[in-house]
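See below for the structure under consideration.
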Amino acid sequence: MPGLLSPLTRAVTYTRWLHLLVGSIVPFGCAMAYPGLISPTPSDWVLITVLPIPLVLTAAMVPGMRRAEGLQARLMLFPGSHARVGGKEDPGISAVPSASWSHRARTGAWLVLRLEAGLAVAVATEQLMALSLSFAGAAAGDPGVADSLVRISGTGWAYALLIPVPVLALAAVVVGAGALMAKAARRLLGPSAKERLAALEERTERLLERNRIARELHDSLGHALTLAVVQAGAARASADPDFTDRALETIEETGRAALEDLERVLMVLRDTARSAAARPALGEAGRLLDSARASGAQVDAEVSGPLDRVPAPVSREGYRILQEALTNVLRHAGPVPIRVRISVDETRLRLEVRNPLPAAVAVSGTGGGSGLRGVRERAAFLGGEARAGEDGCDWLLRVDLPLR
C-alpha cells in the first residue's frame, strides 16, 4: 500500500495535475462564448471538444509557442527542485523556438493533446469530486448536495464508506494521465535529430576545451617547474657563486614566464574570445630555447621556412609541442645537447627535437608517458602525426602538422 500511495507524496504529481487543468482553460473559455456551459447536451460537448482545435493549431505556427510549451513541460511535468524525489530526472525536452515545419507540426499535435487531455481530466475531476460529495450528502441525509451524473437516491450512514472511492479513482486518473503526458511531451517536444547533434557537438566542444586547458597547464607549469628544479639542483651542486646567481636569475625569469602563461590559460575561462590570440606561438620559440640554454643544455636550433605563414592554431600548438619536448629532455635526460629543427614548406610544419639517450636514463615516452601522449593528442587534433623513439644513440621526437 505505501508503494501505491507514494505518487501522492510527490509534488510533481500535483504540478502535472495543474498542467492538465490549465490545458482545459481554452476549451472552457471557447465554450463560454459558444455553445455555453449551462446544461450542455452531448452534441454541445462534441463542439466544446472540437471548436478550439483550429485555434491551437494556428498558435502552433508561432515559433515561440514551442519554447513556451517546452519550458512549461520541463517545470511542471518532470521532477525538479520542487519535487520530493531523490535526484533530478532529465526531461529530454527542447526549449527553443520552432525552426521547421516539422517542429510546428509536433507542437500542434502537442497542443491538441494537451487541450483534449486537459478537458477530460477537468471533467473527471469535477464529476468524481461531485460524486464524493454526493456520497457525503447521502450519509448526512441530503444526496442532492452536488450535481453529479451519478444520482444517489437513498440515504444512510453506509454511504460514508463510499466517500473515499471517487477520491482514490481521481488520484489514479491524475497519476496515470500525468505519466502519459510526460511521455508524450518527450516525443512531441523532445529535441529533433539536428538539435541532439548540436547538443552533442556543444558537449564535445566543452570537453575538448577542458582537455586543452589541462594540456596548457601541464605544458606551461611543467616546463617552468622542470627548469626550476634543474637550475636549483645545479646551483646546489655548484660551488661557484656566479653560477648560483645565474641559476637564481633563470629561476626567477622562468617563474615570471610561467605566471604569464598561467594568466593566458586562465583567460580561457574568463574571456574565450581573447584567449586564443593571447596564447604564445612559434614566433616566441626563442624564449623556450633560451630557457633550455639557461638550464645548462646546449641547444642547436635551426628554423627554415616562413613561420609567419603558419596558421595561428598550428603555430600555437607547435609552440606547446616544442615546450613539452624540451621539458621532457630536461626532466629525463638533464642538460644534454639538444638539436631542434623547425621547417615550414607549402603544406606542412615539421618539428624535430633530438637529444642523446643515456643508457641509464629512460626518457619519457618509452612507456607512453603523459607528456608524449599530450604531444600526440595535439598533433592528432590538427590532423598531424607525432612519432617518438630511439634513433641510434639519440632520442628523436618528430612531429608533422598539416598547414591546410
Side chains of [X] and [Y] in contact at under 4.5 Å (non-hydrogen atoms):
| X | Y | result |
| --- | --- | --- |
| Leu21 | Thr125 | yes |
| Phe135 | Leu161 | no |
| Ser98 | Thr107 | yes |
| Leu47 | Tyr34 | yes |
| Met181 | Leu113 | yes |
| Leu111 | Leu57 | no |
| Val174 | Tyr14 | no |
| Leu170 | Trp17 | yes |

*Assess whether atom CE of Met61 is packed by more than 12 heavy atoms of other residues, nucleotides or ligands within 6.0 Å.*
yes
*Parallel, tilted or perpendicular: rings of His19 and Trp110 (30°, 60°)*: tilted
*Please lay out, stage by stage, how Leu77 and Thr15 fare under the test side chain to side chain contact (heavy atoms under 4.5 Å, CB included).*
CA-CA 7 Å; Leu77 295 181; Thr15 59; over 6 Å; no
*Mind checking what makes salt bridge (charged side-chain N to carboxylate O under 4.0 Å, His left out) contact with Asp142, not counting sequence neighbours?*
none
Atom [atom1] of [X] and atom [atom2] of [Y]: how far apart are they, to the nearest 0.5 Å?
| X | Y | atom1 | atom2 | value |
| --- | --- | --- | --- | --- |
| Trp395 | Arg354 | CH2 | CZ | 12.0 Å |
| Thr58 | Ile53 | OG1 | CD1 | 11.5 Å |
| Arg66 | Leu188 | CZ | CG | 10.5 Å |
| Arg106 | Ser94 | CZ | OG | 8.0 Å |
| Ile321 | Glu324 | CD1 | CD | 10.0 Å |
| Leu351 | Glu317 | CG | CD | 12.5 Å |

*For Ser100 and Ser102, what are the C-alpha separation, side-chain angles and deciding distance, and is it a side-chain hydrogen bond (donor to acceptor under 3.5 Å, both in side chains)?*
CA-CA 5 Å; Ser100 66; Ser102 175; 4.7 Å; no
_Please list all pairs meeting side chain to side chain donor-acceptor pair (under 3.5 Å) that have one or both residues in residues 299-309, counting only residues at least two apart or in different chains._
Asp300-Arg341, Glu302-Arg341
*asked:* Test side chain to side chain contact (heavy atoms under 4.5 Å, CB included) on Arg350 and Val399; report intermediate values, then the result.
replied: CA-CA 6 Å; Arg350 168 168 289 184; Val399 180; over 6 Å; no
Examine distances only and state if a side-chain atom of [X] and a backbone atom of [Y] form a donor-acceptor pair shorter than 3.5 Å.
| X | Y | result |
| --- | --- | --- |
| Thr13 | Pro7 | yes |
| Thr327 | Gln323 | yes |
| Ser132 | Met129 | no |
| Asp391 | Asp394 | no |

What heavy-atom pair brings [X] and [Y] nearest, and what distance separates the two atoms?
| X | Y | answer |
| --- | --- | --- |
| Asn355 | Ala333 | ND2-CB, 3.9 Å |
| Ala171 | Leu8 | CB-CD2, 3.8 Å |
| Pro27 | Leu115 | CD-CG, 3.9 Å |
| Ile338 | Ala297 | CD1-CB, 4.0 Å |
| Ala185 | Ile93 | O-CD1, 3.2 Å |
| Val22 | Arg114 | CG1-NH2, 3.6 Å |

*Please check if any side-chain donor atom of Gln72 sits under 3.5 Å from a side-chain acceptor atom of Arg67, or the reverse.*
no
*Kindly indicate, with the supporting measurements, whether the criterion side chain to side chain contact (heavy atoms under 4.5 Å, CB included) is fulfilled by Arg16 and Met76.*
CA-CA 6 Å; Arg16 287 174 175 176; Met76 304 185 73; over 6 Å; no
*Determine, step by step, whether Leu322 and Leu326 satisfy the side chain to side chain contact (heavy atoms under 4.5 Å, CB included) criterion, reporting the C-alpha distance in whole Å, the side-chain angles of both residues, the deciding distance to 0.1 Å, and the verdict.*
CA-CA 6 Å; Leu322 176 60; Leu326 294 174; 4.1 Å; yes
*Should the pair Arg287-Asp290 be classified as a salt bridge under the 4.0 Å nitrogen-to-oxygen rule?*
no
*Could you tell me whether Glu385 and Arg387 make a salt bridge, using a distance below 4.0 angstrom between a side-chain N and a carboxylate O?*
yes
_Arg348 and its side chain to side chain contact (heavy atoms under 4.5 Å, CB included) partner, picked from Asp400, Val314, Leu401, Val310_ = Asp400
_According to side chain to side chain donor-acceptor pair (under 3.5 Å), who are the partners of Gln127, at least two apart in sequence or on a separate chain?_
none
